[in-house]
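Report on the following structure.
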Amino acid sequence: MRVVIGEDLFLLRDGLVRLLEAHGFEIAAAVGSAPELLTALTGLKPDVGIVDVRMPPSHTDDGLRVAIEARRAVPGLPILVLSQYVEQLYARELLADQAGGVGYLLKDRVFSDAAFASAVRDVAAGGTVLDPEVVSRLMARRVRSGPLAALTPREREVLALMAEGRSNAAIAARLFVTEKAVSKHAAGIFTRLGLSQSDDDNRRVLAVLAYLNS
Amino acid sequence: MRAVSDDDLFHPGDRVNKLGLTNSGTRSTSSRLLRLARANWPALLLPLLAADTAGIAGPPWPLLLAILALILALLAPREAATLAPFALLAYGAYGFFLMHALLIWEKQPVFYGLVHASRGRYPTWQTSGPLGLVLTESVVFMAVGVGLLARPGAPGGRAVRRALAQLRGTGGQPRTVPPLLLLPVLFLWEELFSRTLWFGDQSWPRLVTVLIVAVGVALVVWLPRAAAVLVVAGTVMLGLGGLLWSGNVQWSEMFGLWAQTRGDPHFAGMGARVVPQSIVLYGGVPLDGGITRLFTGLQGAVLLGIGLALTPRLLTWGADFELAERARALAQRVDGLTRTRSDAAEAAVAELRRIERDLHDGAQARMVAVGMSLRAAEQRLISAEPGAALALVVEAREASSRAIIELRDLVRGIYPPVLADRGLVEAVRNLALDTVMDVEVSADLPAEPPMPIAAAVYFAVAEILTNVVQHARAETVQISVRHVDGVLRAWITDDGLGGADPARGTGLAGVERRLAPFDGILAVSSPAGGPTIVAIEVPCALSSVKISSS
């Protein structure tokens, strides 16, 4: 699986390269600035791009912008955004194109390297992985109107875990229920959000997006 | 020894006894009395005045009244000191009138200022020598009264102090013609007609006198500029008149003749020789030729000099007041800036302290722990205890995770990343997303405000949102951010309980302090039952280029 890494701090870039190589990823390119990253992402079309939000030249959200621009150029290009902080605003922007294949994680999640590697694979496969911190802040919101207000507390729990990128099996293990029960909850969520037609992966993305926009 | 406060000076009766005499030695008591005397010495003028007033009644009244006044002065020195200047003014004015009365109709001898004065045979200046003393004394009494009112801090003397400040151009007052001078000028003019105004035997002339004074006071209060013009014109004319009258008595006689034509009965009762001369008074001096010409001329010259000296000030009146107003505004601004600057400096230092403490107790300490754990793991590896080494490495990783979380929170509090990345509007939108209730943001800025102002407004909005979450029990919140007429405005409206009070609690006060260095203000409208509107306004230009949000 080919990966492009965009990270301006050498130590972190080097660490990411070693971590991913150790987990069997092939590093197509590892660059340190936004313009280089855009070239690498659109030119090499990797299986997944791992992008730091804050990068040169302006040291603001250059990485995030490159990620969005690259996905505009190569629709559905899987991107996992890493950052020292997570913001709901940025999560919304990343998911706005509804194409899936998006991850948004805090940098320190790489400490759990196995979980991180699996998140990279999920994103590459078109899944949506949001950092638990974003999700927990979503959970804190009071929803009084809109489709989400119709969800049962259990369904909201399932949706939150879905947003973190967990599979039905993982959700079932987490909530101590059977996978079948989780499927039932997921179906309920899709119905209530009016997402019954499309395929399962895309429905999961749309459900998470609806969650973010609530 | 207990320190003596200013307050003690004015309430000696109980405090001296309770605190001074019982708690302190004689030295402190005497120094207290000294301070008391120094602060309220005008009170001691009252007994003198009382003795003088009672002089007409003869012994033992002066002594008796003086003792009574002394007791009053000692029991209530502050009140007596307040009363003294007014008593002096009144007594001085009384002397002035007394002298006129003697010159014009009073035949009985009078007692004033230790002087027995009578008209003598003819009511002229020469034949009534003591009248000069009465005049001098009355002028001195009035001058001392005005002087006491002008003392800094003397109650009731504000108008006098302002007039003096305007004469000198000090104390934030423009250097101009004090409108209050109209009163003495009117006094001098009325004196010219005293025969027909003050001492007429009908009541209407006195009514006219009172009316003229009332009109004068009204002008001073409501039309100060007109009053000032009258002061200068009146003084110049008086001065010119004085000079003319000193040279030609005929002028003065005109006034007398004018009075004569009024058919005043007193006029007929007096000797034909003295009548015209004795009726017109000028600055307390009868215009009767002879030695008084000298006085009249001198006074005229002085008055003319004063009038001419004041004339140019009329021309610069408007500019002077504008300058004084500007100076006052500047002084206020400097005061405000001095205060907010020290507040801002204090806040900055407190903020640095907080960051230092957070780093010291948090991330720094954790990194030390990480280092220690790794070192211990090293040793376990050497001594071939891989299980223990693994546990230590896991511990180190967890400690570094916690350090990262703490650093992240710290950074968010210093300068929020979204604010740095995207600017104020997007940062406020992100705040809204992080709030547990529905927040509707309508914000539009053509460009970014300066960074310090953006940060201040951001933290202000964050603090207000926190307040709403904690106290308002609101369902929806609306935030509006606009830049109109050079002012950055943020309105936060919630549909909660209302009754928010910026005076209570530290949240809103903190917001105010944060905004103050930028001349920003915070206004709260929060009737019980809601809605609550908190408005923030900071004057600023949107300078930097807007950071695009695409």
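This is a predicted model, so every value here is computed, not measured. Only this structure's heavy atoms are used, side chains among them; waters, hydrogens and symmetry mates stay out.
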Do the charged groups of B/Arg422 and A/Glu87 touch, with an N to O distance under 4.0 Å?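 No, B/Arg422 and A/Glu87 are not salt-bridged.
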Within-4.5 Å side-chain heavy-atom neighbours: [X] and [Y]:
{"X": "B/Pro417", "Y": "A/Arg54", "result": "yes"}
{"X": "B/Glu426", "Y": "A/Leu89", "result": "yes"}
{"X": "B/Ile404", "Y": "A/Lys107", "result": "no"}

Check this for me: B/Gln379, atom CD, are more than 12 non-hydrogen atoms of other residues, nucleotides or ligands nearer than 6.0 Å?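 For B/Gln379, atom CD is crowded (more than 12 foreign heavy atoms under 6.0 Å).
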Just checking B/Arg482: does its CZ atom have more than 12 heavy atoms from other residues, nucleotides or ligands closer to it than 6.0 angstrom?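 Above 12, so yes.
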Could you pull out the closest heavy-atom pair between [X] and [Y], with the gap in Å?
{"X": "A/Tyr85", "Y": "B/Arg408", "answer": "CA-CD, 3.7 Å"}
{"X": "B/Leu433", "Y": "A/Arg92", "answer": "CD2-NH2, 3.1 Å"}
{"X": "A/Val53", "Y": "B/Asp421", "answer": "CG1-OD2, 4.5 Å"}

Of A/Glu133, A/Arg137, A/His59, the largest count of non-hydrogen pairs under 4.5 angstrom with chain B goes to A/Arg137
So for A/Val110, is it side chain, backbone, both, or neither that comes closer than 4.5 Å to the heavy atoms of chain B? neither
Please look at A/Glu69 and chain B and tell me whether the side chain, the backbone, both or neither of the residue comes under 4.5 angstrom of a heavy atom of that chain.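 Neither part; nothing is under 4.5 Å.
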Polar side-chain atom of A/Asp108 near backbone of B/Ser401 as donor-acceptor pair, under 3.5 Å: no
